[in-house]
> 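The structure is given below, and queries will be raised subsequently.
Note: hydrogens, waters and symmetry copies are ignored here, and every other heavy atom, side chains too, is used.
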Amino acid sequence: MKRYCFSLDNIIDDFSPFQETGIIYTVSGRRLPPDIPVTEGLKILYDYIDFNAIESVYGASEIETPLYGGWLSKTGKNSVLTAEQIDELEKHNINFMIPLSNHHFDEKAYNETRKLLDKYHRSGNGIICVCDELAERIKKDYPLYIIEASSIKKLVHYEDIDRALQLYDYVVVPSEYNKSDEFLEAIKYKDRIILFGNSICDHCCPGHECYREVSKRFQSQEKLHEQICSRFIFYPNVNFDLGKFKQMGFKRFKLVPIYYEHTEKLLEEYRVRQKVSGE
């Protein structure tokens with residue numbers, strides 16, 4: 001199947017479809033400011049959606065594990081989610097999705113991850129996986145977790161998606177495939193598919209080499225604070241046409257934190273208000 005990169009199909013320049021009813025969001029927590037209450041941070045970073053539509057937040061916790069993957073969590077504005085933040089999310093009925101999307105799996109790494117898996121094993125929380133062997137083990141040992149097939153798996157053939165849904169509860173489709181109505185319309189079980197609602201660099205990166213490099217770094221626990229790829233600064237931030245996707249039958253969407261100037265302004269205004277109220 002061809003890649004649907006660098007197309008403008010299904011890309012919009014406004015946020016109005018993000019407010020449609022019936023849409024469910026899982027949002028990244030990697031840029032939630034540690035000095036602002038987690039719910040307030042979510043409302044500011046994702047101020048273009050209904051806060052009540054957020055079902056879960058995904059991101060690394062402060063508990064270390066060699067099975068993390070995806071993005072490095074300690075570079076630039078990125079940060080991990082603290083235990084206090086995750087507890088606060090639970091109080092607001094927002095689930096926690098853990099990105100164990102490392103390409104490598106072995107018993108040693110799994111045993112080192114048990115502390116994390118034990119702590120957040122409750123109904124509604126979930127694990128994002130690339131490795132099928134890891135997904136199988138977690139389903140066996142921690143049956144309450146939702147298991148989500150990461151977009152990094154690149155499940156872009158219909159038979160592969162159908163096969164994955166025999167193991168995973170949900171499959172995330174890579175964002176570059178949002179550009180093809182033909183591809184999206186033909187997917188079965190749309191209620192178990194998660195599409196990206198927006199994207200920074202993933203939608204048009206020609207190689208995605210960073211994901212395997214991130215896996216290596218989490219395995220070695222080296223260079224976790226060093227940025228891997230700066231090419232994303234040349235790629236446009238995009239918003240996809242969620243209204244159209246909803247009409248197709250999709251209702252679950254993943255959001256990444258796209259920093260706009262007004263976002264920084266809102267964060268600073270909140271800090272000022274908090275400082276004044278505390279004086």
Side-chain angles (χ1 to χ4, degrees), residues 1-5 7 9-11 20 22-28 53 55-56 58 67 69-70 95 97-105 110 117 123-199 202-208 211-212 215 240-256:
M1 179 175 292
K2 66 179 181 179
R3 289 172 63 87
Y4 295 95
C5 297
S7 165
D9 294 341
N10 295 332
I11 293 178
E20 291 204 15
I23 287 178
I24 301 170
Y25 290 108
T26 178
V27 304
S28 172
E55 180 180 66
S56 61
Y58 64 96
L67 292 181
N95 300 318
M97 298 294 292
I98 309 171
L100 300 185
S101 46
N102 203 286
H103 287 78
H104 309 287
F105 172 80
Y110 185 65
L117 292 170
S123 180
N125 285 350
I127 308 295
I128 305 169
C129 289
V130 167
C131 177
D132 291 349
E133 186 177 358
L134 174 60
E136 290 170 351
R137 286 294 298 276
I138 292 174
K139 283 185 77 75
K140 176 177 178 293
D141 297 338
Y142 298 92
L144 297 182
Y145 277 124
I146 294 168
I147 310 295
E148 179 182 301
S150 171
S151 64
I152 301 172
K153 287 180 68 65
K154 297 296 179 185
L155 297 172
V156 295
H157 296 91
Y158 306 124
E159 60 270 23
D160 293 335
I161 293 175
D162 292 347
R163 189 179 305 113
L165 287 173
Q166 297 177 27
L167 171 62
Y168 296 89
D169 297 296
Y170 298 99
V171 165
V172 183
V173 172
S175 64
E176 65 262 34
Y177 286 85
N178 283 9
K179 318 290 182 63
S180 170
D181 292 353
E182 176 189 2
F183 173 75
L184 296 176
E185 289 280 14
I187 294 177
K188 295 185 292 185
Y189 314 113
K190 292 181 175 64
D191 59 325
R192 296 177 63 192
I193 300 297
I194 301 174
L195 301 181
F196 276 91
N198 63 3
S199 184
D202 182 71
H203 67 290
C204 55
C205 178
H208 298 99
Y211 294 132
R212 289 193 177 276
S215 288
F240 295 107
D241 191 347
L242 271 58
K244 183 176 183 179
F245 295 161
K246 183 185 173 186
Q247 290 180 353
M248 290 182 182
F250 299 100
K251 65 177 182 179
R252 295 185 174 275
F253 297 94
K254 178 168 285 196
L255 296 179
V256 298

> Applying ring pair (Phe, Tyr, Trp, His ring centres under 6.0 Å), can you list everything that pairs with F250, at least two apart in sequence or on another chain?
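Checked F250 against ring pair (Phe, Tyr, Trp, His ring centres under 6.0 Å); zero matches.
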> With sequence neighbours excluded, tell me which residues meet salt bridge (Lys or Arg N to Asp or Glu O under 4.0 Å) with K153.
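If we apply the salt bridge (Lys or Arg N to Asp or Glu O under 4.0 Å) test to K153, skipping adjacent residues, the hits are D132.
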> Quick one: pull up OG in S101 and CD1 in I152 and give me the separation to the nearest 0.5 Å.
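Answer rounded to 0.5 Å: 4.0 Å.
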> Nearest 0.5 angstrom please: L144 CG to S123 OG, how far?
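Answer rounded to 0.5 Å: 6.0 Å.
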> Between atom NE2 of H103 and atom OG of S150, what is the distance when rounded to the nearest 0.5 Å?
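It comes to 8.0 Å.
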> With a 3.5 Å distance limit and no angle check, can you tell me whether N178 reaches the backbone of L195 through a side-chain donor-acceptor pair?
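Flag not set: sc N178 to bb L195 has no pair under 3.5 Å.
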> Under the side chain to side chain contact (heavy atoms under 4.5 Å, CB included) test against S151, which residue among V156, V172, V171 passes?
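Of V156, V172, V171, side chain to side chain contact (heavy atoms under 4.5 Å, CB included) with S151 is met by V172 alone.
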> Quick one: does Y145's side chain get under 4.5 Å of D169's, heavy atoms only?
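Sidechains of D169 and Y145: no contact.
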> What pairs with K246 under salt bridge (Lys or Arg N to Asp or Glu O under 4.0 Å), at least two apart in sequence or on another chain?
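Testing K246 for salt bridge (Lys or Arg N to Asp or Glu O under 4.0 Å), a comparison that skips the adjacent residues, returns E20.
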> For D162, which residues count as a side chain to side chain donor-acceptor pair (under 3.5 Å) partner, sequence neighbours excluded?
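With sequence neighbours excluded, D162 shows a side chain to side chain donor-acceptor pair (under 3.5 Å) to K188, given in chain and number order.
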> Which residues pass the salt bridge (Lys or Arg N to Asp or Glu O under 4.0 Å) test with K244, not counting sequence neighbours?
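Testing K244 for salt bridge (Lys or Arg N to Asp or Glu O under 4.0 Å), a comparison that skips the adjacent residues, returns D181.
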> Identify, with sequence neighbours excluded, every residue that meets side chain to side chain donor-acceptor pair (under 3.5 Å) alongside E133.
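Here no residue qualifies.
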> Looking at residues at least two apart in the chain, or sitting in another chain, which of them share a side-chain contact (heavy atoms from CB on, under 4.5 Å) with R252?
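R252: side-chain contact (heavy atoms from CB on, under 4.5 Å) contacts with I24, E55, Y170, I194.
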> Check whether any side-chain heavy atom of I146 sits under 4.5 Å from a side-chain heavy atom of N125, and report yes or no.
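Counting from C-beta outward, I146 and N125 never come under 4.5 Å.
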> Go through the structure and list residues passing side chain to side chain donor-acceptor pair (under 3.5 Å) with T26, not counting sequence neighbours.
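S56.
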> Restricting to non-hydrogen atoms, name the atom on A149 and the atom on L155 that form the minimum distance, rounded to 0.1 Å.
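For A149 and L155, the tightest heavy-atom pair comes out as CB-CD1, 4.1 Å.
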> Please report the interatomic distance CG(L165) to CG(D160), rounded to the nearest 0.5 Å.
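L165 atom CG to D160 atom CG measures 11.0 Å (nearest 0.5 Å).
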> Do L117 and Y110 have side chains that get closer than 4.5 Å, going by heavy atoms?
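Side chain of L117 against side chain of Y110, heavy atoms only: contact under 4.5 Å found.
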> How far does CG of L184 sit from CZ of F240, to the nearest 0.5 angstrom?
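So the CG of L184 and the CZ of F240 are separated by 10.0 Å.
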> Can you pull the salt bridge (Lys or Arg N to Asp or Glu O under 4.0 Å) pairs that have at least one residue in residues 141-151, sequence neighbours excluded?
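Every pair satisfying salt bridge (Lys or Arg N to Asp or Glu O under 4.0 Å) with a residue in residues 141-151: R114-D141, R137-D141, E148-K254.
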> Let me confirm one number: the CD1-CG distance from I147 to L167, rounded to the nearest 0.5 Å.
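Here the rounded value is 8.0 Å.
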> Check step by step if side chain to side chain contact (heavy atoms under 4.5 Å, CB included) holds for I187 and Y177.
CA-CA 11 Å; I187 294 177; Y177 286 85; over 6 Å; no
> Just wondering, more than 12 heavy atoms not from K251 lying within 6.0 Å of its NZ?
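Counting neighbours around NZ of K251, 12 or fewer heavy atoms of other residues, nucleotides or ligands fall under 6.0 Å, so no.
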> Can you list everything that forms a side-chain contact (heavy atoms from CB on, under 4.5 Å) with E159? Sequence neighbours excluded, please.
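Partners of E159 under the side-chain contact (heavy atoms from CB on, under 4.5 Å) test: H157, R163.
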> Do L100 and I128 come within less than 4.5 Å of each other through their side chains, counting heavy atoms only?
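Sidechains of I128 and L100: no contact.
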> For the residue pair I193 and V173, establish whether any side-chain heavy-atom pair is separated by less than 4.5 Å.
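Answer yes - side chains close enough.
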> Please enumerate all residues that pass side chain to side chain donor-acceptor pair (under 3.5 Å) together with Y58, with sequence neighbours excluded.
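Counting only residues at least two positions away or on another chain, Y58 forms no side chain to side chain donor-acceptor pair (under 3.5 Å).
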